[in-house]
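What follows is a short report on a single structure.
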Protein chains: 2
Amino acid sequence: MGRTSDARNKILEAAATLLEQRGYSALGVAEICSTAGVPKGSFYYFFESKQALALTVIDEHWAAQRQQWVELLGSDLDPLRRLRDLFEATEEVQRTGQQKAGVVTGCLFGNLALELSTQADEIRGRLQEIFDAQIDLIEQVVVEAKERGQAGPSVDARDAARSIVAQIEGRALLAKLLNDPAQLEALWRNCLDLLQVPAQERSALS
Amino acid sequence: MGRTSDARNKILEAAATLLEQRGYSALGVAEICSTAGVPKGSFYYFFESKQALALTVIDEHWAAQRQQWVELLGSDLDPLRRLRDLFEATEEVQRTGQQKAGVVTGCLFGNLALELSTQADEIRGRLQEIFDAQIDLIEQVVVEAKERGQAGPSVDARDAARSIVAQIEGRALLAKLLNDPAQLEALWRNCLDLLQVPAQERSALS
């Protein structure tokens, strides 16, 4: 029993690394198993298909990321500082990934959204839920920032949250393309602009 | 001679459609040829490899898009209106694509950047040049906007141009994920915020 769940974990770990580095279509079950050091027969004992495995990788990745987002965005710091913490953590994840793998792999969800949205409905549905949840989490903080006068009064909290998530994805794309985590440094300035943070609030935060 | 260049065009057209809809790794030369209605032998007469074909598709796509960007961003309208024209044209391209194919395929360059940056150096190099050229074109307009007092004095033109390109890519990702070109509508508001356009300029533009 211990041995079988160990094989499952090895498959998941290999799949997570390979999916981040090479995407979905370029991967085969045989390669995942050989990277995991697990016989191919085991694969189908744990997972029905490559897609089922990818969904599990996505769910586990989101479970961990969600926990980090909830901690950072739900802390008792002031709302804008919580957002800054999120951006710094996002950059740090890419920096650590680059140190480990030699390359910036970007955002797993963004990578798969662009690769698979037009061809794998179940994965696409899951990614829609995840992006929606990210937008929800940020929206709550934007609402608080507005209540405290830290964001412009005409800012729509939902739309601003969607813009911030889009900016994270766009900056992650540039970071991956240029293999340069520093592309994410601008997220904080971008967020201050997208939320129309008043000048006096900005100087208080700098 | 007429017939052979016709075959080349058919291959390029099929490859452009398939690359936009399915990405690079999921495609094989056999499928491209069968979609193009061209024997597989012809393929290698015109292209050394699938990667060589992809580079040609990228170059042709950028030649057409670059021409549109230069026309829109180099017009004699006021700088911010030129940027708005660019965003509207970008949304229109996705809307037309959706009407034709039933799905929003997003930005070809963004799709390939996320799929291939960690594994195909030549494609990645070409995409870096294209994104750099896009940032250059937008930067020139931001410089003009600043000169006319339409953008905030502390805005760094290069960095703002990069942020706008990132926002386009992030919004294109959401548009593809949700199969909804309207996700790109926010680009204009986002741009006004990212450029810190003063209130009186905004009301003059609305």
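Chain letters run A, B, ... following the sequence lines, proteins first, then strands; residues in each count from 1.
- From B/L194, atom CG reaches atom CG of A/L194 across 4.5 Å, with rounding to the nearest 0.5 Å.
- One distance of note links CG of A/N111 with CG of B/N111; it measures 11.0 Å at 0.5 Å rounding.
- Within the 4.5 angstrom heavy-atom criterion, only backbone atoms of A/V104 (N, CA, C, O) approach chain B.
- When the options A/L174, A/L187, A/N190 are evaluated for a side-chain contact (heavy atoms from CB on, under 4.5 Å) with B/S163, the one that passes is A/N190.
- At most 12 heavy atoms of other shown residues, nucleotides or ligands fall within 6.0 angstrom of atom CD in A/E13.
- The neighbour count for B/E122 CD, taken as heavy atoms of other residues, nucleotides or ligands under 6.0 Å away, does not exceed 12.
- Ranked by heavy-atom pairs under 4.5 Å with chain A, the first of B/E115, B/R124, B/Q183 is B/R124.
- For A/A186, the part sitting under 4.5 Å from any heavy atom of chain B is the side chain, from C-beta outward, and nothing else.
- Counting heavy-atom neighbours within 6.0 Å of B/Q200 CD, excluding the residue itself, gives a total above 12.
- Checked by atom type and distance alone, the side chain of B/T118 never pairs as donor or acceptor with a backbone atom of A/T105 at under 3.5 Å.
- Heavy-atom distances place the side chain of B/Q196, and not its backbone, under 4.5 Å from chain A.
- The contact between B/R162 and chain A is made by backbone and side chain atoms together, counting heavy-atom distances below 4.5 Å.
- Across all non-hydrogen atoms, the minimal contact from B/A166 to A/Q167 is CB-NE2, 3.7 Å.
- Heavy-atom pairs under 4.5 Å with chain B peak, among A/V103, A/L195, A/V155, A/D159, at A/D159.
- With respect to the salt-bridge test (charged N to carboxylate O, under 4.0 angstrom), the residues A/R189 and B/D156 do not qualify.
- Of the atoms belonging to A/Q119, it is side-chain heavy atoms, and not backbone ones, that fall under 4.5 Å from chain B.
- B/L177 touches chain A through backbone and side chain together, each having a heavy atom under 4.5 Å away.
- Counted by atom type alone, B/R22 and A/S25 present zero donor-acceptor pairs between their side chains at under 3.5 Å.
- Although no hydrogens or angles enter the test, the distance criterion places no donor-acceptor pair under 3.5 Å between the side chain of B/E169 and the main chain of A/E169.
- Note that SG of A/C107 and CG of B/L114 are 8.5 Å apart. Values are rounded to the nearest 0.5 Å.
- Within the 4.5 angstrom heavy-atom criterion, atoms from both the backbone and the side chain of A/L178 approach chain B.
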